[in-house]
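Keep in mind it's a predicted model, so treat the numbers as computed, not measured. FYI, side chains are in, hydrogens and waters are out, and symmetry mates aren't considered; it's all heavy atoms of this structure.
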Amino acid sequence: MSPIAVQAQSQFNLTQGVTDISQRVYDLHMTIFYICCVIGVIVFGAMFWSMIRHRKSKGRKPATFHESVKVEIAWTVVPFLILIGMAIPATSTLIAMEDSSEADVTILVTGSQWKWHYKYFENDVEFFSLLATQRQQIENKLEKGENYLLEVDRPLVIPTDRKVRFLITSDDVIHSWWVPDFAVKKDANPGFINESWTQVNEPGIYRGQCAELCGKDHGFMPVVVIAKEPAEYDAWIAEQEAAQRQAKEEEQRLLAMSMDMDELMDLGEQVYLGNCAACHQGNGEGVPGVFPALKGSPMALNDMEAHIDIVVNGKSGTSMQAFGNQLSLRELAAVITYERNAWGNDTGETVQASDVNEFMNQ
């Protein structure tokens, strides 16, 4: 099939997918579609044939009979049999889609405004996955890339030829984890866990996105999954476990060290632009009536403990999410210091990783 034909198919029909389940869903979709087409041809054919053959201009006289038992039985039994014939393969496919038992890999998928968090149950590996499209592309200052709004800094990695179970939930509002090539689309509801699964046959990169309107940056919450051969996946997992173990050890070592103001401000600016500027703006002035300003904020100028608290724990009922499990102690200390000294705030106060650690453990 030519690339043009493949593109046309993806635009005008259901995605065929790369898993056995997605193929079953596609085949079921096409089967029901053809049945509906046949029904439509028969019904409209009979209707137009009756209109043409029995029109008044030909002198046809309307029938005078009423309540034909045979006709009523026919139009009750025939649709019933058709529905039963459609329900059998549909039920079988739905049961298969919901059977997440005997999985080889289990991953907790948590949605939050506006990113995904992945945690591997069998391994000590977890990370956040954020949009990687440059802000200049979104603002039409740069040409849009091939995977515009469908690229992330850290993709989810899964093995091929193994059953992968997804436990899907949310930290705040309702999201929806959707990867069309897997035929997986599950709502992420706060306080609940939904299950789904996939088994990818071929290595590759598969893209999706949040499919539930979840706030102002709903369109900036993509999903990218890389399927690797089992041996390559095992090597990746071992590498990630070693890296995260080393990062924890390094973080503990840094607790005894202090960063100077310049180091804190440089790192804090990077963290702020990557995580906070979308709401509070690059100049710290926020969006009036929607996102509060940090420039001149009484909290940023005075109450340091409250400032640490809201960055670490977020604020319930608002878009201010908790960054305590997203950023390192060093990054948390740097961004709080930056917010207390940027845009003319100039408190002269620094926050160290040890200060944040002490607050989190009190």
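Here the side chain of Thr93 pairs a donor or acceptor atom with the backbone of Pro89 at under 3.5 angstrom. Judged purely by atom type and a 3.5 angstrom limit, Gln244 uses its side chain to pair as donor or acceptor with the backbone of Glu126. Judged purely by atom type and a 3.5 angstrom limit, Trp197 has no side-chain atom pairing as donor or acceptor with the backbone of Thr106. Here the side chain of Thr169 pairs no donor or acceptor atom with the backbone of Pro190 at under 3.5 angstrom. Judged purely by atom type and a 3.5 angstrom limit, Thr15 has no side-chain atom pairing as donor or acceptor with the backbone of Gly17. Thr19 places no side-chain N or O within 3.5 Å of a backbone atom of Gln199 that could act as its donor or acceptor partner. Between the side chain of Arg340 and the backbone N or O of Asn302 there is at least one donor-acceptor pair closer than 3.5 Å. A donor-acceptor pair is defined here as one N or O able to donate and one able to accept, closer than 3.5 Å; no such pair exists between the side chain of Glu241 and the backbone of Asn123.
If you take CG on Leu267 and OG1 on Thr337, they are separated by 9.5 Å, rounding to the nearest 0.5 Å. Note that the CZ atom of Phe192 and the CD1 atom of Ile174 stand 9.5 Å from one another [nearest 0.5 Å]. Leu332 contributes atom CG, which lies 5.0 Å from atom CG of Leu327 (distance to the nearest 0.5 angstrom). Taking NE2 from His175 and CD1 from Ile168, the interatomic distance works out to 12.5 Å, rounded to the nearest 0.5 Å. In this structure, CD on Gln134 lies 12.0 Å from NZ on Lys141, to the nearest 0.5 angstrom.
Relative ring orientation between His54 and Trp49 is described as perpendicular, the plane-to-plane angle rising above 60° on a 0-90° scale split at 30° and 60°. Below 30°, between 30° and 60°, or above 60°: for Tyr120 and Phe127 the angle between ring planes is between 30° and 60°, a tilted geometry.
Applying the side-chain hydrogen bond (donor to acceptor under 3.5 Å, both in side chains) test to Asn345 and every residue at least two apart in sequence or in another chain returns nothing. Evaluation of the side chain to side chain contact (heavy atoms under 4.5 Å, CB included) rule for Leu94 yields Met97 as partners, not counting sequence neighbours. Qualifying side chain to side chain contact (heavy atoms under 4.5 Å, CB included) partners for Asp266, counting only residues two or more places apart in sequence or in other chains: none. Taking Ala293 as the reference, nothing meets the side chain to side chain contact (heavy atoms under 4.5 Å, CB included) condition, with sequence neighbours excluded. Considering only residues two or more places apart in sequence or on other chains, Gln209 meets the side chain to side chain contact (heavy atoms under 4.5 Å, CB included) condition with Leu150, Trp178. For Thr350, the side-chain hydrogen bond (donor to acceptor under 3.5 Å, both in side chains) test picks out no residue, with sequence neighbours left out. Shown here are the salt bridge (charged side-chain N to carboxylate O under 4.0 Å, His left out) partners of Lys295, two or more places apart in sequence or in another chain: Glu285. By the side-chain hydrogen bond (donor to acceptor under 3.5 Å, both in side chains) test, Asp262 pairs with no residue at all, sequence neighbours left out.
Between Pro79 and Ala74, the shortest heavy-atom contact is CD-O, 3.8 Å. For Val351 against Ile336, the heavy-atom pair with the smallest separation is CG2-CG2, 3.8 Å.
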Checklist entry - Given Val109 and Tyr118, is the side-chain contact (heavy atoms from CB on, under 4.5 Å) satisfied, shown in steps? => result CA-CA 5 Å; Val109 180; Tyr118 301 116; 3.7 Å; yes

Next on the checklist: The test is side-chain contact (heavy atoms from CB on, under 4.5 Å); show your working for Lys216 and Cys279 and say whether it passes.
Outcome noted: CA-CA 9 Å; Lys216 82 174 190 66; Cys279 295; 3.9 Å; yes

Next on the checklist: Before you tell me yes or no, could you show the steps for Tyr272 and Leu294 under side-chain contact (heavy atoms from CB on, under 4.5 Å), namely the whole-Å CA-CA distance, both residues' side-chain angles and the distance that decides it to 0.1 Å?
Outcome noted: CA-CA 11 Å; Tyr272 179 85; Leu294 297 176; 3.8 Å; yes

Checklist entry - Passes side-chain contact (heavy atoms from CB on, under 4.5 Å), Asn201 versus Asp20? Steps please. => result CA-CA 8 Å; Asn201 301 322; Asp20 293 340; 3.3 Å; yes

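There is a side-chain donor-acceptor pair under 3.5 Å between Gln16 and Gln23. A donor and an acceptor atom, one from each side chain of Ser57 and Arg55, are located under 3.5 Å apart.
Electrostatic pairing of Arg162 and Asp234 counts as a salt bridge here, judged by a charged N lying under 4.0 Å from a carboxylate O.
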Taking only distance into account, with no hydrogens and no angle test, what donor-acceptor pairs under 3.5 Å do side-chain atoms of residues 29-46 form with protein atoms, sequence neighbours excluded?
{"from": "His29", "atom 1": "NE2", "to": "Asn13", "atom 2": "OD1", "distance (Å)": "2.8"}
{"from": "Thr31", "atom 1": "OG1", "to": "Asp27", "atom 2": "O", "distance (Å)": "2.8"}

Anything under 3.5 Å between a donor and an acceptor, one on a side chain of residues 220-232, the other on a protein residue two or more places apart or in another chain? List them.
none

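Among residue pairs with one or both ends in residues 94-108, those qualifying as salt bridge (charged side-chain N to carboxylate O under 4.0 Å, His left out) are Glu98-Lys186; sequence neighbours excluded. Sorted by first and then second residue, the ring-ring contact (aromatic ring centres under 6.0 Å, His included) pairs with a member in residues 297-327 form an empty list; sequence neighbours excluded.
For the side chain to side chain contact (heavy atoms under 4.5 Å, CB included) with Val105, the lone residue among Phe166, Tyr233, Phe121 that qualifies is Tyr233.
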